[in-house]
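Chain naming here is simple, since letters A, B, ... match the order of the sequence lines and numbering starts at 1 in each.
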Amino acid sequence: MNQDDILDSIFSKAISGKGIFKDPSVLKTDYIPQQLLFRDNQVKIIGEVLSPLLRGSKCSNLLLYGKTGTGKTAASLYVLRKLKEKAIERNLIISFPFSNARVAGTEYRVLTDIAEYLDLKIPFTGLAVSEVAKRVLSTIEKKGTLTVIILDEVDYLVKSHGSNLLYELTRANERLQSGFISIIGISNDLNFKDYLDPRVISSLSEEEIVFPPYTVNELKKILAQRAENAFHSNSISSAAINLCAALAGAEHGDARRAIDLMRVSAEIADRENSHILTEDHVRTALQKIEEDRITDSLKTLPIHPKILLLIILLTGDELTTGEVYSKYRDACKKIGVGEVTQRRASGILNELQLIGLISTEVVSHGRYGRTKKIQALIHNSNMEDIVSDDPILKSMIQNPSKNFG
DNA sequence: CCTCCACAGGAAGCGCAGGAGT
DNA sequence: ACTCCTGCGCTTCCTGTGGAGG
């Protein structure tokens, strides 16, 4: 096939909508299905807690617990979507601001997120946090907005910035003449409360719901439901669905991972012009996800971890901490980079082990000391990713003998 | 049984950058 | 524009330790 033909077939496939996908958006992370499986109880409780809003009165604050991919965010957005329909029918002034505290990163940006939902313009920098909070509250008061704020990954905010903002928000109602603020806090960390200020605990966790992990069987049904809407009929084998559920759910029933895996599998199948998604595609996808994860973590590594990792890769054998460190020091001298101490290097090696890029094992050679055996878990072909386009590091791998001879 | 190697890894503190308060 | 505060990467200094060799 010449290039023209290849492009023709790609484009005509896209136009005709053939291939596997019927509606790829169903597999996106922010998609909320029409029916939320295995979360009847949680949906019911959230609904009950929020229902006073329809009479215009304040609802209790709510705290949702559960590991990643257990449907916390989906369940709350699901209920709010329904609630919104009802509220609009009744001409209520409502707003359901959503902010992911980990993505936002700071109290300031969480407040900016909230303000955006209230049609309030906040400069992206320059104001004190308390000033932004004041503006948000006065907007709510002026319009009499019934506000339910969803704070996703709120544990992150509290761990990094304390519970000041939560405290301000939970007691804001005392000062509001009209409108109110209710909060749905979503936490991945079951021990989240330990980090909270006791003043905040009592008001934030008026109601609590725990989201247990999905079982592998439940994951299968969730995937089947998504597959039905995302793919053309008969485009995915049930064996492939089962494998997705088993592979992704093995650890702790993470639906997001399972759906991600199915999406990547489908993309691979689609690109191969295959009309059916098979177990092989799933296995390839799992490998690709893992490779992408490694490539990603390699590229974002700081310089010293990169040098240490290159030393380990270039040497190839099992090394001890002392051997790695002396080779590392030589390399630093030759490429003109300031070196870190052995203590720090040892710490970096531990970090690399945690990410899963090297394996380490403490061993004792008796009279000849106690050290760590260090081995690379990644392949030499990953060296390009480590080096990226850093000319200094490039010289290390282009001329290994010169730098390590 | 004791010694002593070659580190592991804890504790404390330092300098810096970047954000908050004024 | 300025100080103050905080988190982070790092260094310095330190104590702890499994087991081969004496």
Side-chain angles (χ1 to χ4, degrees), chain A residues 99-115 122-137 151 153-169 172 189 192 194-197 200 297-312 315 317-333 335-377 386 390 392-393:
Chain A
S99 177
N100 183 308
R102 188 178 52 78
V103 175
T106 64
E107 295 187 336
Y108 190 97
R109 266 177 279 167
V110 168
L111 280 167
T112 316
D113 284 349
I114 296 171
I122 300 287
F124 64 88
T125 182
L127 296 180
V129 173
S130 58
E131 173 62 23
V132 183
K134 214 166 88 188
R135 291 192 194 183
V136 167
L137 292 184
L151 291 176
E153 307 200 48
V154 64
D155 46 329
Y156 178 88
L157 185 73
V158 172
K159 278 175 204 166
S160 58
H161 294 86
S163 38
N164 268 339
L165 180 63
L166 285 180
Y167 179 65
E168 291 297 327
L169 288 176
D189 183 351
F192 165 57
D194 299 347
Y195 301 91
L196 272 181
D197 191 318
V200 179
S297 55
L298 287 179
K299 283 189 174 157
T300 55
L301 238 35
I303 181 87
H304 291 292
K306 277 186 174 178
I307 298 175
L308 285 162
L309 200 51
L310 281 175
I311 300 282
I312 298 166
T315 312
D317 300 331
E318 230 174 45
L319 289 165
T320 66
T321 304
E323 286 162 354
V324 170
Y325 186 67
S326 72
K327 280 168 187 270
Y328 158 82
R329 267 209 335 217
D330 291 349
C332 281
K333 267 189 203 117
I335 61 179
V337 173
E339 64 217 50
V340 299
T341 56
Q342 178 155 350
R343 176 71 189 86
R344 179 60 193 140
S346 158
I348 293 174
L349 290 173
N350 280 342
E351 288 162 26
L352 290 174
Q353 190 250 332
L354 261 179
I355 315 174
L357 297 175
I358 62 174
S359 73
T360 65
E361 186 196 353
V362 184
V363 290
S364 175
H365 297 121
R367 184 100 195 107
Y368 306 103
R370 194 164 171 261
T371 183
K372 243 179 190 168
K373 280 197 300 187
I374 297 158
Q375 231 177 341
L377 287 178
I386 304 175
D390 189 323
I392 298 173
L393 292 179

Student check: side-chain heavy atoms of A:Gln342 and A:Thr321 closer than 4.5 Å: yes

For A:Ile355, the option from A:Leu301, A:Leu377, A:Leu298 that meets side-chain contact (heavy atoms from CB on, under 4.5 Å): A:Leu301

Between C:dG19 (C1') and A:Glu361 (CD): distance, integer Å: 15 Å

Closest to side chain of A:Asn350, choosing from C:dC10, B:dG9, B:dA8: B:dG9

Base of C:dG18 paired with side chain of A:Ser364 (donor-acceptor, under 3.5 Å): yes

Residue pair A:Glu351, A:Arg344: steps toward the salt bridge (Lys or Arg N to Asp or Glu O under 4.0 Å) verdict: CA-CA 10 Å; A:Glu351 288 162 26; A:Arg344 179 60 193 140; 3.3 Å; yes

Residue mapping more 5' on DNA chain B - nearest nucleotide basis, A:Arg367 or A:Val362: A:Arg367

Phosphate OP1/OP2 of B:dA6: any A:Lys372 side-chain N/O under 4.0 Å: no

Nearest-Å distance for atom pair OH/P, residues A:Tyr368 and B:dA6: 10 Å

Between C1' of C:dG19 and NE2 of A:His365, the distance in whole Å: 11 Å

Rounded distance (Å) that lies between atom C1' of C:dC10 and atom CD1 of A:Ile303: 16 Å

Whole angstrom value for the distance that separates C1' of B:dA8 from CD of A:Glu323: 16 Å

DNA chain B contacts among residues 339-349 of chain A, heavy-atom distance under 4.0 Å: A:Gln342, A:Arg343, A:Ser346

Side chain A:Lys306, main chain A:Ile386, donor-acceptor under 3.5 Å: yes

Protein-nucleotide distance (A:Ile307, atom CD1; C:dC10, atom C1'), rounded to Å: 15 Å

A:Lys372 side chain near A:Leu349 side chain, heavy-atom distance below 4.5 Å: no

Heavy-atom side-chain contact between A:Asp113 and A:Asn100 under 4.5 Å: no

Atom pair CD1/CD1 of A:Ile374 and A:Ile312 - distance to nearest 0.5 Å: 5.5 Å

Rounded interatomic separation in angstrom, taking CG from A:Leu319 and P from B:dA6: 16 Å

Euclidean distance, atom CZ of residue A:Arg370 to atom C1' of B:dT3 [Å, nearest integer]: 16 Å

5′-ward residue of the pair A:Gly369/A:Ile374 relative to DNA chain B: A:Gly369

